[in-house]
Protein chains: 2
Amino acid sequence: MLKITKKVEYALIAIRHLQENQDALVSVSDLSASYGIPKEILAKTLQKLASANIVKSYKGPTGGYKASKKIAKTTLNDFFEILEGPTAIMDCYFQDGCDHLNSCNIRTPINKINDSIRNLFNNLTLADISQ
Amino acid sequence: MLKITKKVEYALIAIRHLQENQDALVSVSDLSASYGIPKEILAKTLQKLASANIVKSYKGPTGGYKASKKIAKTTLNDFFEILEGPTAIMDCYFQDGCDHLNSCNIRTPINKINDSIRNLFNNLTLADISQ
DNA sequence: TTTATATACGATTAAATTTGTCGTATATAA
DNA sequence: TTATATACGACAAATTTAATCGTATATAAA
Ligand code: FES
Ligand code: FES
């Protein structure tokens with residue numbers, strides 16, 4: 001219930017490390033070894049962050065990842081959605097029909113809760129939660 | 001990721017129904033049939049709400065549940081915690097040791113995010129999200 | 001007093017989601 | 001040419017959530 005995934009947890013760890021070592025080029029193997037994170041999962045996670053320009057990737061030997069300038073300004077909502085898709089406490093929030101078709105009496109509360117959470121995450125940046 | 005459970009969904013449906021029919025005594029069978037919810041799950045869910053005095057229960061034939069006066073003032077956080085235990089995006093929030101022992105670099109961000117969410121839920125009542 | 005129907009509660013099974021692994025391709029510095 | 005890094009997709013294991021089953025207890029009505 002309302003838990004974040006390991007993917008997001010691992011991404012946070014990686015991002016924090018890259019931010020604290022701004023100019024270093026860090027490989028997945030290094031991060032994986034330092035923090036005890038399965039290499040393949042972390043790799044795929046960083047690939048997603050790279051394609052969203054949150055981090056920069058460099059291929060080949062001596063390659064790895066660096067923090068991008070965009071990183072601090074990124075909102076929590078964008079960060080989560082890059083990794084996990086739309087932020088919603090129920091799937092129906094982003095769908096046309098609702099799960100209960102005829103007799104749904106929770107559309108209003110579900111939307112209110114979700115709006116509040118999205119509003120919260122849209123107004124918190126990765127920089128905000130780091131200090 | 002950050003989803004609510006069916007238990008909470010079912011509880012919301014039941015609560016909304018009981019609030020809209022303040023004086024009626026509604027049985028689990030009725031609710032279950034009206035909204036297409038598995039009876040046993042809904043029963044256990046309402047039992048939890050009853051022991052927290054969110055709803056009142058009446059045994060025997062013609063028995064059922066009623067909304068209590070406490071219901072509207074209940075915060076979202078209390079409501080969630082009655083059904084699902086402590087609100088936390090990661091288990092370590094409520095534990096002494098953290099999951100990464102030596103090399104945890106995400107304690108601050110995890111706590112900030114969780115504090116924000118708990119603050120949000122503590123300041124929203126069931127009445128707030130219903131209108 | 002008997003019977004039917006409701007809540008109460010624990011144990012177990014089924015389904016869905018999340019987490020982790022494996023295999024292969026491509027880029028590039030040495 | 002070779003070793004090492006990112007990139008990406010398919011699959012398997014593990015965990016969590018959802019649903020079912022079984023039994024006990026209370027109580028209104030016949
Ligand atoms: S079930 Fe989500 S709005 Fe009806
Ligand atoms: S893992 Fe949660 S605080 Fe370290």
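Since the model is a prediction, treat every value here as computed from it, not as a measurement.
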*For side chain to side chain donor-acceptor pair (under 3.5 Å), just list the numbers for A/T125 and A/D128, CA-CA rounded to whole Å, side-chain angles, deciding distance to a tenth of an Å, and then say yes or no.*
CA-CA 5 Å; A/T125 65; A/D128 292 332; 3.2 Å; yes

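Between B/L18 atom CG and C/dT7 atom P there is a gap of 11 Å when expressed in whole angstrom units. If you take CD1 of A/I54 and P of D/dT6, they are 18 Å apart, rounded to a whole angstrom. One interatomic measurement links the two molecules: CG of B/L31 to P of C/dT7, which rounds to 9 Å at whole-angstrom precision. If you take NZ of A/K6 and P of C/dT21, they are 13 Å apart, rounded to a whole angstrom. Atom NZ of B/K56 and atom C1' of C/dA6 are 17 Å apart (whole Å). Counting to the nearest Å, the C1' atom of D/dT20 and the CD atom of B/E40 are 6 Å from each other. The separation between A/Y65 atom OH and C/dT28 atom P is 14 Å, rounded to whole Å. The distance from atom NZ of B/K48 to atom C1' of D/dA18 is 13 Å, rounded to the nearest whole Å.
Remark: C/dA27 base-pairs with D/dT4. Criterion, Watson-Crick or G-U wobble with two distances under 3.5 Å. Pair assignment for C/dT17: D/dA14, on the basis of Watson-Crick or G-U wobble contacts that are both within less than 3.5 Å.
For the atom pair CD of A/E9 and SG of B/C92, the computed distance is 7.0 Å after rounding to the nearest 0.5 Å.
Residue B/T62 has no polar side-chain atom (N or O) positioned under 4.0 Å from OP1 or OP2 of C/dT5. Of the side-chain N and O atoms in A/S57, one or more sit less than 4.0 angstrom from OP1 or OP2 of D/dA7. The shortest distance between the side-chain N/O atoms of B/Y10 and the OP1/OP2 oxygens of D/dA19 is below 4.0 Å. Listed pair B/Y58 / C/dA8 fails the phosphate criterion, with no side-chain N or O lying under 4.0 Å from OP1 or OP2.
Nucleotides of DNA chain D nearest to A/K3 and A/A43 differ in position, and the one nearer the 5' end is that of A/A43. In terms of position on DNA chain D, the residue among A/G64 and B/E84 whose nearest nucleotide sits closer to the 5' end is A/G64. If B/S27 and A/K7 are placed on DNA chain C by their nearest nucleotide, the residue sitting closer to the 5' end is B/S27.
When each of C/dA29, D/dT6, D/dT20 is scored by its nearest atom to the side-chain atoms of A/V28, the top-ranked nucleotide is D/dT6. Each of C/dA8, D/dA7, C/dC22 was ranked by its minimum atom distance to the side chain of A/Q47; first place goes to D/dA7. Across D/dT20, D/dA10, D/dT17, the shortest atom-to-atom separation from the side chain of B/T5 is found for D/dT17. Among D/dA19, C/dA4, C/dT19, the nucleotide with an atom closest to any side-chain atom of B/P61 is C/dA4. Nearest nucleotide to the side chain of A/K59, out of D/dA19, C/dG20, C/dT26: C/dT26. Comparing atom distances between the B/I41 side chain and each of C/dT21, D/dT6, D/dT20 picks out D/dT20 as nearest. The side chain of A/P38 lies closest to C/dG20, out of C/dG20, C/dT19, D/dA7.
In this structure a side-chain-to-backbone donor-acceptor pair under 3.5 Å is missing from B/Q22 to B/A67.
Note on A/Y58 and A/V55: separate hydrophobic clusters, where clusters join Ile, Leu, Val, Met, Phe, Trp and Tyr whose side-chain heavy atoms are under 4.5 Å apart, directly or indirectly. There is a path of hydrophobic side-chain contacts, each under 4.5 Å, that joins A/I89 to B/I82. Under the 4.5 Å side-chain heavy-atom criterion for Ile, Leu, Val, Met, Phe, Trp and Tyr, A/L120 and B/Y93 are members of distinct hydrophobic clusters.
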